Amino acid sequence: MKILVALKRVVDYNVRIQVKPDGSGVAVEGAKMSINPFDEIALEEALRLKEADKAEEVIVVSIGPEAAQQQLRTGLAMGADRAILVQSDEAVSPLHAARILHTLVQAEQPGLVLLGKQAIDDDSNQTGQMLAALWGRPQATFASKVALEGETATVTREVDAGLETIAVDLPAVITSDLRLNEPRFVKLPDIMKAKRKPLDIRPLEELGVTPPPACQIVRWRAPEPRQAGHKVETVDELLTALKERGVL
Amino acid sequence: MRCLIIAEHDGQNLNTATARAVAAASQLGVEAIDVAVLAHGGQALAEQAAILEGVSQVLLLDREENAHPLAAVLAPQIAALAEGYSHLFMPSTTFGKDVLPRVAALMGLPQISDLMTVKGPHHFERPVYAGNAIIELQCPPEQPVLATVRTASFKPVGTGDAAPIETRALEIDLPGHTRFVALEADAGDRPDLQSAERVVSGGRGLGSEENFRLVEQLADKLHAAVGASRAAVDAGYAPNDLQVGQTGKIIAPELYIALGISGAIQHLTGIKDAGTIVAINKDPDAPIFEVADLGLVGDLFEIVPQLLEKLD
Amino acid sequence: MSEREQMQFQTLIVGAGPAGLACAIRLKQLDPEQEICVIEKAAVPGGHTLSGAVIEPGPLDALLPHWREQYPGICVPAQRDEFRLLNARGSRKLPLPPGMKNHGNFIVSLGNLVAWMAEQAEALGVELFPGFPGSEVLFDESGQRVTGVRIGDMGLNADGSPGPNYTEGMDLLAETTIFAEGCRGHLGKQLIRHFRLDADSQPQTYGIGMKELWQLPEQRLEAGHILHTIGWPLPGDTYGGSFVYALDDNRLAIGFVVGLDYADPCLEPFELFQQFKHHPEIRPLLEGGEILSTGARALVEGGWQSLPRMDMPGALLIGDDAGTLNVPKIKGTHMAMQSGMLAAEHLHEQQQTTGYHQRFLASAAGKELHRVRNIRPGFHKGLWPGMANAALETLLGGRTPWTLHNHADHEQLHPLAGQPCNTQHPARSLPPRDRLASVYFAATEHEESQPVHLKVADTELCINQCREQYANPCTRFCPAGVYEMVEDEQGLRLQINAANCVHCKTCDIKDPYQNIHWTAPEGGSGPNYQNL
């Protein structure tokens with residue numbers, strides 16, 4: 001079985017996000033870029049499945065600029081076998097990304113597609129679900145535990161109500177939550193080996209995927225800062241105020 | 001223009017997130033707000049939805065396959081129901097986030113996640129970069145708007161007269177490739193810090209691991225989760241996994257009570273989306289008071305026991 | 001203990017800064033077949049790099065002539081120099097010392113420049129590994145020759161035991177190892193002691209530099225304007241001053257340097273920087289703006305007479321790891337790059353490390369350092385004697401027959417004169433409100449579960465002797481608020497907030513008992529500087 005893992009290149013989670021003064025976006029010039037942390041967890045899970053002999057090949061895919069090769073190389077250094085970059089300088093919407101991944105899925109015929117539950121830049125949390133719909137296959141989102149047995153994956157999902165377990169027939173799409181695993185550290189010799197692993201670059205235009213209709217971003221702004229409320233003098237006043245606010 | 005909302009429920013009760021989604025829809029200026037209940041044995045649920053203020057009609061899809069909220073099963077039904085609506089909303093909960101993108105892909109439409117402001121029927125705002133930036137979106141008016149609604153941004157609507165309930169039957173084959181196995185509700189006595197509606201946190205002002213029990217006592221009284229500042233964790237008063245803030249957990253409870261926490265910016269970034277922040281600290285100049293909705297300057301060792309007593 | 005994994009290279013370079021990368025690039029230009037490995041503790045090249053920085057472009061022109069066309073980072077040609085002496089209410093214009101004339105120079109973000117140089121090095125085939133700090137120097141059996149560097153372990157628990165993702169750091173072996181860690185490199189420090197490289201030189205001296213990048217309202221700045229100030233709010237006996245550089249897009253780089261030979265244990269460099277920003281002529285510049293990023297880094301000030309021997313069997317010490325910065329010019333980048341390029345040329349021609357130190361001293365860079373050797377130590381007696389001495393030295397072009405002495409910074413603190421330190425500061429309104437808020441803009445991050453990387457040898461010393469004599473100066477000189485004396489029910493203790501550390505190395509330098517040892521935390525930890 002092949003596992004396809006999607007890796008998005010995002011501004012690292014440690015970077016402080018600053019909206020540009022003209023409202024045209026966020027200032028990412030000179031910012032550290034990384035693999036979306038949820039995608040990194042997805043890749044780790046794929047690698048563990050391969051190491052447990054549940055899969056033969058792990059393919060990492062990214063849709064992004066030429067520089068996204070860095071993130072794919074990191075994925076290869078972690079242990080993926082080969083990489084595909086669908087090169088696009090423009091950001092793609094989740095539905096567009098799902099259509100692109102669907103094209104790759106049709107060509108590669110993986111038994112499992114793993115990706116993060118959401119990217120930490122646009123926070124959409126859509127691409128995995130959309131891919132599953134286009135592919136007509138099951139989805140298991142927010143995964144915190146994955147067990148493969150024959151043609152079925154049993155997945156524990158972190159939902160608001162608690163932990164939900166579902167069984168899905170393969171092939172399927174699984175999106176990872178934070179607690180699925182802790183990704184490994186990359187070793188230096190593996191980084192060198194990764195440079196020799198295949199990385200296939202395909203310009204987006206050549207894939208023949210039509211971009212879907214999308215909403216336009218008109219403006220970016222910083223969130224309003226929290227304002228100081230008021231001070232109370234006594235415990236009774238505090239309790240009254242809390243009751244008035246409907247939080248007690 | 002008409003808006004369809006997909007109700008979220010646990011089989012017995014409607015989740016308040018549904019009433020919040022109705023609140024968002026009420027700001028659209030649409031002619032009708034319909035709520036669809038997809039359930040198995042869902043008459044009572046439909047009745048709960050029918051009395052939500054502003055709801056025009058409830059559509060009940062009662063079907064055995066709808067006993068558990070499986071996206072692959074629900075999505076084709078919702079896509080069929082959404083025919084003719086200008087807006088389709090679901091709450092931005094794990095339920096809505098799981099289901100709506102699948103619907104959107106089936107319909108070939110984009111989706112807005114975490115809609116937080118309605119500026120017009122096709123003009124919205126949503127947070128990105130974990131709430132560190134807000135984007136304003138203009139959507140094409142000729143196509144339906146699909147969105148998950150950020151629950152913290154809208155107060156649930158109240159209740160009123162019951163709207164009519166219509167039972168629908170759809171002739172759709174549903175896939176069998178996805179099966180529900182089990183649901184294990186949150187175990188343990190205290191709610192999970194990440195998802196709790198109320199959180200009581202302690203800082204260095206507690207002074208010792210022993211005194212930190214005060215935080216736990218107040219939390220238990222309020223059915224709240226327990227959190228801690230980094231200073232309290234570093235000093236060994238509380239374990240690492242309770243840490244709230246930039247390098248700990250980012251949380252958004254409805255009520256956050258900070259005991260003896262000075263409120264360094266690293267801590268505040270972890271609670272910036274909390275509903276009401278209460279600060280109890282003996283230092284009137286502590287930065288926590290600059291963001292607290294309610295502040296009480298004083299000795300927490302006197303205040304907290306009083307609180308415990310009065311909350312009885 | 002099991003045998004560690006090993007890798008062998010011809011040349012190993014520790015530190016991807018201007019010196020290390022210039023060296024790597026030059027080596028590849030001279031011998032494209034050579035295997036060169038560069039390791040860097042920051043997660044990305046430039047992530048820990050902080051400088052003013054106005055740079056002289058000469059060495060960059062020589063190394064990468066296409067940089068003027070292709071370099072995409074922040075780069076503003078110097079337009080107008082200004083040098084002012086501040087007092088609390090106003091300022092006076094001072095004549096521009098020749099070293100501070102910046103016509104033809106560029107204001108850059110050194111972090112940006114380093115990131116770009118790293119790309120150039122990789123394009124030439126250099127193996128570059130960011131996120132991998134050296135943890136210790138490896139020697140041959142005799143202990144007389146450097147054979148490489150051990151990389152730090154990853155995934156250790158706080159108590160030092162292996163965690164679930166533990167990954168043992170491997171040994172990188174090389175024919176020549178070049179140490180280019182920048183000021184007060186922790187491996188360089190180890191080498192200087194091991195080989196007594198400073199036996200014939202004077203103690204090294206340092207300064208602490210703090211920097212903020214601001215986004216300001218439109219039309220407030222004249223891009224390319226370079227302002228330096230001395231005087232207020234520094235006490236007269238303390239060396240230091242400010243830099244205020246106007247960049248493009250309404251951005252301003254503002255910073256402050258304090259000589260670490262200061263004597264008052266109560267002095268707080270961070271607080272002085274913040275006070276400076278509130279000077280009546282500076283504050284209007286910043287009001288209404290916002291901070292984009294902040295950081296701090298120690299810099300070398302010892303100059304020519306403090307330069308340790310830069311060569312040893314199997315290894316070289318280059319750039320500010322040795323201490324090549326030109327203090328009167330307040331520039332280190334061009335010197336560091338020259339020392340790196342020279343190291344490459346020396347190794348290529350000689351196939352050995354011996355002779356590099358002499359070659360550096362005889363080079364243009366070495367001569368530049370010699371000419372200005374007496375200027376910085378002249379300020380040891382205060383601002384006015386320092387200014388007079390600087391004028392004389394400048395007039396004579398450094399041909400004075402003497403060389404002034406340097407003193408070790410950690411020995412300069414005077415014990416408290418009976419009174420406690422005044423912790424009341426004049427009110428200020430500009431951000432950041434305190435050091436913790438400042439660290440927030442440095443985006444510093446350390447995996448919380450790892451061992452504390454700031455090793456305090458004797459914490460009893462902190463509670464007793466140091467508290468009595470100096471009132472724990474570490475709680476004040478650290479610009480990131482790493483050190484705190486906390487009194488709770490467990491008693492008085494030193495609290496080390498290691499996760500705040502911005503890797504400036506001030507504690508390692510200034511602690512009066514040399515009780516604090518900076519070691520490298522887990523790879524990739526530390527600040528994530530953006531455009532500094």
Side-chain angles (χ1 to χ4, degrees), chain A residues 11 17 19 26 93-95 98 120-127 129-134 137-139 141-142 154 157-169 172 212-223 226 228-233 235-236 238-239 241-242 245 247-248, chain B residues 10 70-72 75 93-95 97-98 101-102 104-106 108-114 127-140 143 175 177-186 195 254-255 272 275-278 289-297 303 306-307 310-311:
Chain A
V11 176
I17 296 301
V19 177
V26 291
S93 70
L95 184 54
I120 60 164
D121 49 6
D122 66 11
D123 288 331
S124 283
N125 196 331
Q126 300 176 10
T127 307
Q129 295 89 309
M130 288 176 158
L131 170 63
L134 299 176
R137 296 305 309 165
Q139 69 187 50
T141 52
F142 309 106
T154 305
R157 307 176 56 228
E158 289 199 26
V159 296
D160 294 337
L163 295 176
E164 185 195 62
T165 306
I166 60 171
V168 295
D169 294 340
C215 300
Q216 298 304 317
I217 300 177
V218 196
R219 193 175 74 105
W220 293 67
R221 67 172 176 90
R226 271 191 101 96
H230 68 281
K231 286 198 178 135
V232 292
E233 300 293 326
V235 169
D236 287 328
L238 176 64
L239 289 172
L242 285 173
R245 291 174 157 261
V247 288
L248 263 196
Chain B
D10 61 2
L70 297 172
T93 55
T94 52
F95 168 67
K97 288 172 179 174
D98 185 39
R102 191 162 182 123
L106 293 178
L109 290 170
Q111 185 215 297
I112 300 169
S113 295
D114 297 313
V128 292
Y129 288 101
N132 290 307
I134 312 288
I135 51 174
E136 199 177 308
L137 295 165
Q138 190 79 55
C139 298
Q143 70 185 34
H177 54 44
T178 307
R179 295 170 297 279
F180 174 83
V181 177
L183 176 67
E184 185 189 326
D186 282 327
S195 55
E254 290 197 17
L255 174 63
K272 67 178 169 10
T276 297
I277 297 178
V278 176
F289 289 117
E290 289 165 23
V291 299
D293 300 282
L294 294 165
L296 181 48
V297 180
I303 293 169
Q306 280 185 54
L307 264 172
K310 296 196 170 164
L311 282 167

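Only a predicted model underlies this, so the values are computations on that prediction, with no experimental measurement involved. Computation of the quantities below employed the complete heavy-atom set of this structure, encompassing side-chain atoms and omitting hydrogens, waters and symmetry-equivalent molecules. Just so we're on the same page: letters track the sequence lines, and every chain starts at 1.
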*Side chain, backbone, both or neither: which part of L70(B) has a non-hydrogen atom closer than 4.5 Å to chain A?*
side chain
*asked:* Counting only non-hydrogen atoms closer than 4.5 Å, does A133(B) touch chain A with its backbone (N, CA, C, O), its side chain (CB onward), both, or neither?
replied: both
_Contact check, side chains of D293(B) and R245(A), non-hydrogen atoms, under 4.5 Å_ = yes
*Just checking, is any N or O donor in the side chain of D98(B) or Q139(A) under 3.5 Å from an acceptor N or O on the other one?*
yes
_Under 4.5 Å from any heavy atom of chain B, what part of S93(A) do you find: side chain, backbone, both or neither?_
neither
_Heavy-atom pairs under 4.5 Å with chain A - which of I112(B), L296(B), I277(B) has more of them than the others?_
L296(B)
*Measure distances from P223(A) to the heavy atoms of chain B and classify the residue's part below 4.5 Å as side chain, backbone, both or neither.*
both
*In terms of heavy-atom proximity below 4.5 Å to chain A, should K97(B) be classed as side chain, backbone, both, or neither?*
both
*Under 4.5 Å between any side-chain heavy atoms of V11(A) and Y129(B), yes or no?*
yes
*Relative to chain A, which of L311(B), L183(B), I134(B) shows the most heavy atom pairs under 4.5 Å?*
I134(B)
*Measure L95(A) against the heavy atoms of chain B and call it side chain, backbone, both or neither at under 4.5 Å.*
side chain
*Can you say whether L239(A) sits under 4.5 Å from chain B via the side chain, the backbone, both, or neither, judging by heavy atoms?*
side chain
*Regarding E158(A) and T94(B), is there a side-chain donor-to-acceptor distance under 3.5 Å anywhere?*
no
*Checking heavy atoms, do the side chain of A167(A), its backbone, both or neither come under 4.5 Å from chain B?*
both
*What part of Q143(B) gets closer than 4.5 Å to chain A, counting heavy atoms only: side chain, backbone, both or neither?*
side chain
*Which bit of V218(A) comes within less than 4.5 Å of chain B, counting heavy atoms only: side chain, backbone, both or neither?*
both
*Less than 4.5 Å apart, any side-chain heavy atom of V128(B) and any of W220(A)?*
yes
*Please flag which part of D10(B) lies under 4.5 Å from any non-hydrogen atom of chain A: side chain, backbone, both or neither.*
neither
*Under 4.5 Å heavy-atom distance to chain A, tell me which part of I135(B) shows up: side chain, backbone, both or neither.*
both
